[in-house]
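As structure tokens, the structure follows; a few thoughts come after it.
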Amino acid sequence: MLKNIIPCYLNIEIEVLFYIIKKKSTTLNDVSASLGVSKRIVKENIIKINTSMEDYFSVIGFIVSNNFGSICVNSNYKYCSLEYAYNLRLYLLKSNVLFNCCVKLVTHSKISREHLIRSLFISEYYLPKLIHKLNIFFEEFGITILNNQGIYCLEGNELSIRLFSYLFLQDAFQEVDWPFEDIPKPQQILQNSDKWASTKKRALYLLYTVLSIRVADNKFLIAPFSKDMMSFFEIIYQDFDISSLIHPNFFSIIKLGKSKKIEMLYFSFLSRIFLPYIFSMEQKKKLGKYFSTSEHPFCILAKKIFTKIASLINVNGLENDERKYLYLYYIVIFNAWCLLNDENKDVLSFYIPFTHFELPQNTLLFSKIKEEILSVVNDRKHTNLLSNLICSLSISEKKGQLSIYIQVIKSFTTEIFIRNRLTSFYNKQNIYITDSYDEADIVITDTYERFNKSSGKEIFYLDSIEDELILNELNELIRIKYREKLRNN
């Protein structure tokens with residue numbers, strides 16, 4: 001979303017920054033090839049990043065390199081690199097006038113021409129150019145900027161305006177800053193807030209503030225034209241009383257009874273999308289179980305889809321009922337979400353981005369799922385997004401088993417130490433210690449081991465249990481080999 005509103009040079013600088021901080025170490029060639037820019041541009045952006053870090057945060061030498069061409073974050077900032085990166089990202093975004101103009105428009109229901117010119121530090125002749133550029137950007141979301149006698153506001157599909165505002169502000173500001181100038185965080189709306197992580201609380205505060213700004217200007221959501229959608233909203237609303245989590249006065253900003261009910265129904269449903277952590281896995285399975293027997297049209301469609309794909313994702317038989325309920329939950333909620341945004345699926349793709357599956361077996365699974373869903377759902381974009389979701393869920397369920405053989409002969413206590421340490425660190429259903437050398441994926445030994453390199457076994461030499469660095473290397477090897485197991489399943 002942000003990529004389409006800021007200039008290319010800023011995008012590249014931000015991409016270089018986050019590519020480097022996500023790597024333990026990298027090289028110019030690696031960054032250049034991965035981001036599709038020249039090594040010269042990568043070098044220039046590293047210099048820019050280091051200069052900005054020093055200017056804004058007094059951080060000297062944030063990104064360093066050595067004589068071997070390795071590039072990494074300075075070890076002095078290893079544990080706070082992400083915080084610095086997101087702070088710099090917001091600084092860079094705020095340096096762009098088009099971004100700032102967009103923030104002003106989404107954080108105000110109405111804003112005067114004079115306010116925009118004054119706060120953006122621009123001339124009266126430049127403002128129409130900014131508005132024109134933003135209108136082109138907003139077009140794909142079904143939103144337009146209206147100018148009524150020098151008063152600017154967003155008009156269009158009310159749901160699209162709210163969703164865009166929430167996603168845009170959430171992505172841009174993260175935990176770094178609060179985007180609203182004159183409105184504090186509405187901390188009073190949440191009951192038992194000490195049980196919520198700050199990021200989750202902030203998401204709710206942001207949703208509520210966007211809601212309150214629109215409602216204060218009498219911009220209400222209208223009841224869905226589809227009776228099926230309205231009845232589905234009622235099912236969701238009755239399944240979980242969200243008022244048990246939020247303050248009873250949460251919707252007191254809405255005075256009209258009918259509008260309040262509609263807003264509550266929408267909020268209850270949208271919470272399933274934007275605040276999914278409110279609902280436990282058991283609650284999701286319970287609702288999925290209800291969907292499995294419901295004759296509501298959305299549930300019937302989901303059951304048809306599930307029947308088509310069940311064998312592809314290995315969900316067959318009574319023993320897989322709970323998995324079935326979970327899949328039904330996500331399919332029904334997602335289908336309702338798609339149907340609600342039928343005319344504007346571009347908003348959907350920002351919150352449910354399309355995953356590019358690298359492994360051939362995953363690409364094949366996606367293609368098969370898509371083929372089956374197309375026989376039930378006519379809309380190709382809907383089918384693509386839903387297939388992507390189901391394929392991602394299926395891949396996330398994959399489990400692998402990694403076996404470790406301990407062959408230690410120099411010390412009486414070393415074997416039991418390693419065994420106890422590994423069993424306390426790892427789930428034995430996934431990573432376990434075997435007594436069979438032949439079936440082992442990793443062999444831990446304290447002696448020279450002559451072995452067949454084509455066997456696929458990884459030999460790890462461990463001669464001391466007192467060296468934490470060696471033990472950390474062993475843990476890293478186990479994680480790498482386990483990820484390989486998952487990829488190859």
Side-chain angles (χ1 to χ4, degrees), residues 1-3 5-6 14 17-18 21-22 56-57 79-94 99-100 102-109 154 159-216 221 240-254 263-264 266-280 283-284 333 337 347-348 350-353:
M1 185 181 288
L2 290 173
K3 286 182 179 181
I5 203 172
I6 61 175
I14 291 169
L17 168 64
F18 279 87
I21 69 163
K22 289 175 184 177
Y56 297 140
F57 313 116
Y79 297 107
C80 52
S81 61
L82 199 62
E83 180 182 354
Y84 281 129
Y86 272 106
N87 273 277
L88 179 59
R89 177 177 178 262
L90 186 55
Y91 264 102
L92 295 174
L93 291 173
K94 285 183 174 181
F99 169 81
N100 290 329
C102 189
V103 171
K104 294 291 181 187
L105 288 165
V106 299
T107 55
H108 296 79
S109 60
L154 298 181
L159 182 59
S160 292
I161 292 172
R162 295 190 193 185
L163 294 181
F164 172 85
S165 300
Y166 170 78
L167 295 173
F168 172 77
L169 296 173
Q170 178 83 317
D171 184 24
F173 288 82
Q174 306 270 337
E175 278 281 288
V176 179
D177 196 10
W178 182 246
F180 301 91
E181 292 176 343
D182 306 317
I183 305 174
K185 292 179 184 177
Q187 297 176 348
Q188 74 283 357
I189 64 169
L190 187 59
Q191 300 193 101
N192 302 316
S193 62
D194 55 316
K195 296 180 181 179
W196 288 50
S198 61
T199 302
K200 295 176 179 179
K201 285 191 282 190
R202 191 178 183 283
L204 180 61
Y205 298 157
L206 201 55
L207 267 178
Y208 177 79
T209 307
V210 169
L211 164 70
S212 62
I213 285 173
R214 300 301 297 175
V215 165
L221 294 169
F240 184 81
D241 182 10
I242 201 166
S243 63
S244 62
L245 296 173
I246 57 180
H247 196 276
N249 293 331
F250 186 92
F251 289 100
S252 62
I253 54 173
I254 305 170
E263 291 283 352
M264 290 171 73
Y266 268 101
F267 192 87
S268 180
F269 172 68
L270 292 175
S271 296
R272 298 277 175 174
I273 310 293
F274 296 103
L275 306 172
Y277 39 81
I278 288 177
F279 313 97
S280 69
Q283 288 170 324
K284 291 174 183 176
I333 295 293
W337 175 231
V347 176
L348 296 178
F350 284 116
Y351 197 67
I352 307 172

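Count residues from 1 along the sequence.
- Atom SG of Cys102 sits about 11.5 Å away from atom CD1 of Ile6, to the nearest 0.5 Å.
- Leu211 is not listed as a side-chain neighbour of Leu207, based on a closest heavy-atom distance of 4.5 Å or more.
- Looking at Ile161 and Val210, their side chains never come closer than 4.5 Å, going by heavy atoms from C-beta outward.
- The closest side-chain heavy-atom distance from Leu206 to Phe173 is not below 4.5 Å.
- With contacts defined as side-chain heavy-atom distances shorter than 4.5 Å, the pair Phe240/Ser271 does not qualify.
- In this structure, the side chains of Val103 and Phe99 come closer than 4.5 Å at one or more pairs of heavy atoms.
- Between the side chain of Tyr208 and the backbone N or O of Pro186 there is no donor-acceptor pair closer than 3.5 Å.
- At least one donor-acceptor pair closer than 3.5 Å links the side chain of Asn87 to the backbone N or O of Glu83.
- Separation of the Phe57 and Tyr91 ring centroids falls under the 6.0 Å cut-off.
- The OH atom of Tyr277 sits 10.0 Å away from the CZ atom of Phe279 when rounded to the nearest 0.5 Å.
- At a threshold of 4.5 Å between non-hydrogen side-chain atoms, the residues Asp177 and Lys94 count as touching.
- The line from OG1 of Thr209 to CG of Leu169 is 9.5 Å long, rounded to the nearest 0.5 Å.
- In this structure, Val106 and Ser165 approach most closely via the heavy-atom pair CB-OG, 3.7 Å.
- Taken to the nearest 0.5 Å, the CG atom of Leu204 stands 6.5 Å off from the CD1 atom of Ile278.
- Comment: Arg89 engages Asp171 in a salt bridge, judged by a side-chain N to carboxylate O separation of less than 4.0 angstrom.
- Taking the six-membered ring for Trp and thresholds of 30 and 60 degrees, Phe180 and Trp178 have ring planes inclined between 30 and 60 degrees apart.
- Here the CG-CG distance, from Leu159 to Leu221, works out to 6.0 Å after rounding to the nearest 0.5 Å.
- For Trp337 (side chain) and Phe269 (main-chain N/O), no donor-acceptor pair under 3.5 Å exists by modelled atom type.
- Counting only N and O atoms by type, the side chains of Glu181 and Thr107 include no donor and acceptor under 3.5 Å apart.
- The minimum heavy-atom distance linking Leu2 with Ala172 is given by the pair CD1-CA, 3.9 Å.
- Under a 3.5 Å cut-off, the side chain of Arg214 and the backbone N or O of Arg162 do not form any donor-acceptor pair.
- In this structure, the side chain of Gln283 engages the main chain of Ser280 through a donor-acceptor pair within 3.5 Å.
- Gln170 places no side-chain N or O within donor-acceptor distance of the main-chain N or O of Ala203, the cut-off being under 3.5 Å.
- Rounding to the nearest 0.5 Å places OG of Ser198 at 8.0 Å from NZ of Lys185.
- Closest approach of Leu275 and Phe267 over heavy atoms only: CD1-CZ, 4.5 Å.
- The shortest side-chain heavy-atom distance between His108 and Ile213 does not fall under the 4.5 Å cut-off.
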Given Tyr86 and Phe18, is the ring pair (Phe, Tyr, Trp, His ring centres under 6.0 Å) satisfied, shown in steps?
CA-CA 9 Å; Tyr86 272 106; Phe18 279 87; 4.9 Å; yes
